[in-house]
**Q** 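Got a structure for you, written out below as structure tokens; questions coming shortly.
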Amino acid sequence: MAALQFPYTLFQTRNRMDDYGAKDMRCGDLTEAQLTSHYGLVDVSTRANPYTFTKITPFNQPQSMFYGSRGEGEKITRQQCVAMLFDEFRDLSRLFSVYGPYRHLIEKMITHMQYGNGKPFRDMLLNSALEAHILNDKTENSTLSKIKNALIENIDWVNKYYPEKETDELRKAILSGKLPKFDRFQDNFNGMGITVHDTWATHITLKSLHIDNDRYRAVVNYKVQDHFGLDSDDILKIKFRQFHFFRIWFVLQRYNQFGFKPFMTDIDAIVEIIGDRK
């Protein structure tokens with residue numbers, strides 16, 4: 001019977017990595033008329049009107065849902081308008097990122113959107129957050145618990161290897177569990193819910209497996225990718241559209257006068273499982 005060779009890809013989501021054709025990766029594709037009429041994005045910012053390139057002051061703040069009359073306020077350049085919108089975008093992000101080691105990540109990612117021209121974003125803190133999430137999830141539904149149980153049940157303990165024909169048991173175990181996502185209650189405030197929250201694609205690879213008597217040590221690699229971008233479905237939801245934070249984000253990304261590119265967020269974690277036959 002053949003032994004499993006490593007590294008071995010245990011699982012891949014249906015959503016593929018580097019999917020630049022996804023709906024939330026679109027940019028610069030909407031007009032002012034579409035943004036204001038279809039999406040209701042009239043009151044976008046408290047500092048600058050993105051459609052008229054005018055500064056908003058306390059004297060021409062929008063009343064209720066609408067800006068003051070067109071032409072009110074100091075005229076500014078497109079560049080000045082963009083700078084003001086991104087500054088407000090960063091300032092508002094603090095509402096969703098209150099405490100903990102990851103709270104500054106959202107500001108770094110907004111700045112990356114401003115200057116990164118769509119390049120992928122990586123940060124060691126994201127990797128640390130994913131690793132901590134995987135290791136701290138002690139529920140039976142965690143993918144790590146599922147992998148651990150599948151290894152114990154299917155290792156050939158006599159010959160000290162994992163049979164290649166039993167690889168589907170590992171995949172089925174992962175499918176029956178919950179992939180790591182930053183949708184827990186604490187993620188609403190620690191910065192991870194706003195930077196990543198749900199994820200787009202996940203690959204799980206078994207890097208190595210060492211068996212000694214009745215014990216084993218396995219190394220598992222999680223590669224997770226998310227999109228830092230908004231699609232139409234996002235902004236049409238009241239829970240997003242009610243916040244200036246998301247209105248500014250959507251306009252900076254999708255308005256044809258701006259078109260700032262969304263980007264891939266790449267997260268990588270390597271975790272170790274140690275277990276025994278019992």
**Q** At their closest point, which heavy atom of P50 faces which heavy atom of F53, and how far apart are they?
**A** O-CE2, 3.1 Å
**Q** Where the side chain of T13 meets the backbone of T202, is there a donor-acceptor pair that is under 3.5 Å apart?
**A** yes
**Q** Apply side chain to side chain contact (heavy atoms under 4.5 Å, CB included) to M25 and D231, showing your working.
**A** CA-CA 7 Å; M25 295 300 289; D231 63 28; over 6 Å; no
**Q** Among residues at least two apart in sequence or on other chains, which ones pass ring pair (Phe, Tyr, Trp, His ring centres under 6.0 Å) with F246?
**A** F96, F240
**Q** Starting at OG1 of T195, measure out to CG of D123 and round the result to the nearest 0.5 Å.
**A** 10.0 Å
**Q** Give the cluster check for Y39 versus F245: same hydrophobic cluster or not, with ILVMFWY residues linked at side-chain heavy-atom distances below 4.5 Å.
**A** yes
**Q** Taking it one step at a time, do H133 and F182 satisfy ring-ring contact (aromatic ring centres under 6.0 Å, His included)?
**A** CA-CA 8 Å; H133 186 349; F182 295 96; 5.3 Å; yes
**Q** Apply side chain to side chain contact (heavy atoms under 4.5 Å, CB included) to F121 and F228, showing your working.
**A** CA-CA 9 Å; F121 180 86; F228 193 81; over 6 Å; no
**Q** Checking the side chain of K75 only, and the main-chain atoms of T52 only, is there a donor and an acceptor separated by less than 3.5 Å?
**A** yes
**Q** If I take atom CG from residue L170 and atom OG1 from residue T9, how far apart are they, to the nearest 0.5 angstrom?
**A** 12.0 Å
**Q** Decide yes or no on side chain to side chain contact (heavy atoms under 4.5 Å, CB included) for K55 and M84, but give the supporting numbers first.
**A** CA-CA 9 Å; K55 188 183 293 187; M84 292 177 72; 3.7 Å; yes
**Q** Under 3.5 Å, side chain of W157 to main-chain N/O of I152, donor-acceptor pair present?
**A** yes
**Q** Under 3.5 Å, is there a donor-acceptor pair between the side chain of W200 and the main chain of V224?
**A** no
**Q** Return yes when atom CZ of R171 has more than 12 non-hydrogen atoms of other residues, nucleotides or ligands closer than 6.0 Å, and no otherwise.
**A** no
**Q** Return the minimal non-hydrogen interatomic distance between N49 and C81, and the atom names on each side.
**A** O-SG, 3.9 Å
**Q** With sequence neighbours excluded, what pairs up with K138 under the side chain to side chain contact (heavy atoms under 4.5 Å, CB included) test?
**A** none
**Q** Would you say Y51 and T36 are linked by a side-chain donor-acceptor pair, where the criterion is simply a distance under 3.5 Å?
**A** no
**Q** Under 3.5 Å, is there a donor-acceptor pair between the side chain of T111 and the main chain of E107?
**A** yes
**Q** Nearest 0.5 Å please: distance from the CZ atom of R103 over to the OG atom of S93.
**A** 12.0 Å
**Q** Please examine the side chains of L135 and L144, heavy atoms only from C-beta on, and report whether any two atoms are closer than 4.5 Å.
**A** yes
**Q** Does any non-hydrogen side-chain atom of V44 lie less than 4.5 Å from one of I248?
**A** yes
**Q** Is the side chain of E164 donor-acceptor paired with the backbone N or O of Y162 at a distance under 3.5 Å, no angle test?
**A** no
**Q** Looking at V196 and T199, what are the two nearest heavy atoms and their distance?
**A** CG1-CG2, 3.8 Å
**Q** On a heavy-atom basis, which atom in S142 and which in S145 lie closest, and how many Å separate them?
**A** OG-OG, 2.9 Å
**Q** Once rounded to the nearest 0.5 Å, what's the spacing between atom CD1 of I274 and atom NE2 of H210?
**A** 11.0 Å
**Q** Please determine whether residues Y8 and L151 belong to a single hydrophobic cluster, defined as Ile, Leu, Val, Met, Phe, Trp and Tyr linked transitively by side-chain heavy-atom distances below 4.5 Å.
**A** yes
**Q** Could you give me the CA-CA distance, side-chain angles and deciding distance for K181 and D226, then say whether salt bridge (Lys or Arg N to Asp or Glu O under 4.0 Å) is met?
**A** CA-CA 10 Å; K181 298 182 180 183; D226 190 37; over 6 Å; no
**Q** Using the side chain to side chain donor-acceptor pair (under 3.5 Å) criterion, which residues pair with K172? Sequence neighbours excluded.
**A** E169
**Q** Is there side-chain contact between H104 and L125, with at least one heavy-atom pair below 4.5 Å?
**A** no
**Q** Is E140 salt-bridged to K146, cutoff N-O under 4.0 Å?
**A** no
**Q** How far apart are the closest heavy atoms of Y222 and I147, and which atoms are they?
**A** OH-CD1, 4.0 Å
**Q** Report all side-chain donor-acceptor pairs from residues 253-273 shorter than 3.5 Å, counting only partners two or more places apart or in another chain.
**A**
| unit_1 | atom_1 | unit_2 | atom_2 | d |
| --- | --- | --- | --- | --- |
| Q253 | OE1 | L230 | N | 3.0 |
| Q253 | OE1 | W249 | NE1 | 3.4 |
| Q253 | NE2 | D24 | O | 3.2 |
| Q253 | NE2 | R26 | O | 2.8 |
| Q253 | NE2 | L230 | O | 3.1 |
| R254 | NE | D29 | OD1 | 2.7 |
| R254 | NE | D29 | OD2 | 3.4 |
| R254 | NH1 | L230 | O | 3.4 |
| R254 | NH2 | D29 | OD2 | 2.8 |
| D266 | OD1 | Q225 | NE2 | 2.6 |
| D266 | OD2 | R122 | NH2 | 3.1 |
| D268 | OD1 | N221 | ND2 | 3.0 |
| D268 | OD2 | K223 | NZ | 2.4 |
| E272 | OE2 | R217 | NH1 | 3.1 |

**Q** Is it the case that one hydrophobic cluster holds both I155 and I174, taking links as side-chain heavy atoms less than 4.5 Å apart, direct or via other members?
**A** yes
**Q** Using a distance-only test with no angle check, is there a side-chain donor-acceptor pair under 3.5 angstrom linking E88 and T46?
**A** yes
**Q** With a cut-off of 6.0 Å (strictly less than), are more than 12 heavy atoms of other residues, nucleotides or ligands near CD of Q79?
**A** no
**Q** Backbone N or O of K119 within a donor-acceptor pair of the H112 side chain at under 3.5 Å?
**A** yes
**Q** Not counting sequence neighbours, which residues clear side chain to side chain contact (heavy atoms under 4.5 Å, CB included) with N213? List them please.
**A** K160
**Q** For the CZ atom of R90 and the CG atom of L85, what is their distance to the nearest 0.5 Å?
**A** 10.5 Å
**Q** Is a side-chain N or O of S97 found less than 3.5 angstrom from the main chain of R94, in a donor-acceptor match?
**A** no
**Q** Once rounded to the nearest 0.5 Å, what's the spacing between atom CG of L252 and atom CZ of R247?
**A** 13.5 Å
**Q** If two hydrophobic side chains count as joined below 4.5 Å and joins carry through other members, does Y20 share a cluster with M109?
**A** no
**Q** For residues G229 and D234, report the shortest heavy-atom separation together with the two atoms involved.
**A** O-OD2, 4.2 Å
**Q** Can you name the residues that form a side chain to side chain donor-acceptor pair (under 3.5 Å) with R184, not counting sequence neighbours?
**A** D187
**Q** Would you say D212's side chain and R215's backbone share a donor-acceptor pair under 3.5 angstrom?
**A** no
**Q** Does any part of the side chain of L10, heavy atoms only, come nearer than 4.5 Å to the side chain of T167, both counted from C-beta?
**A** no
**Q** Take Y102 and S128 through the test side chain to side chain donor-acceptor pair (under 3.5 Å) and record every step on the way to the result.
**A** CA-CA 9 Å; Y102 317 121; S128 298; 6.0 Å; no
**Q** Compare all side-chain heavy atoms of T143 with those of P180 and state whether any distance is below 4.5 angstrom.
**A** yes
**Q** Side chain to side chain contact (heavy atoms under 4.5 Å, CB included) between T205 and F6: does it pass, once the steps are laid out?
**A** CA-CA 9 Å; T205 301; F6 306 104; over 6 Å; no
**Q** Just checking K178: does its NZ atom have more than 12 heavy atoms from other residues, nucleotides or ligands closer to it than 6.0 angstrom?
**A** yes
**Q** Mark yes or no for whether D19, through its side chain, and G21, through its backbone, hold a donor-acceptor pair below 3.5 Å.
**A** yes
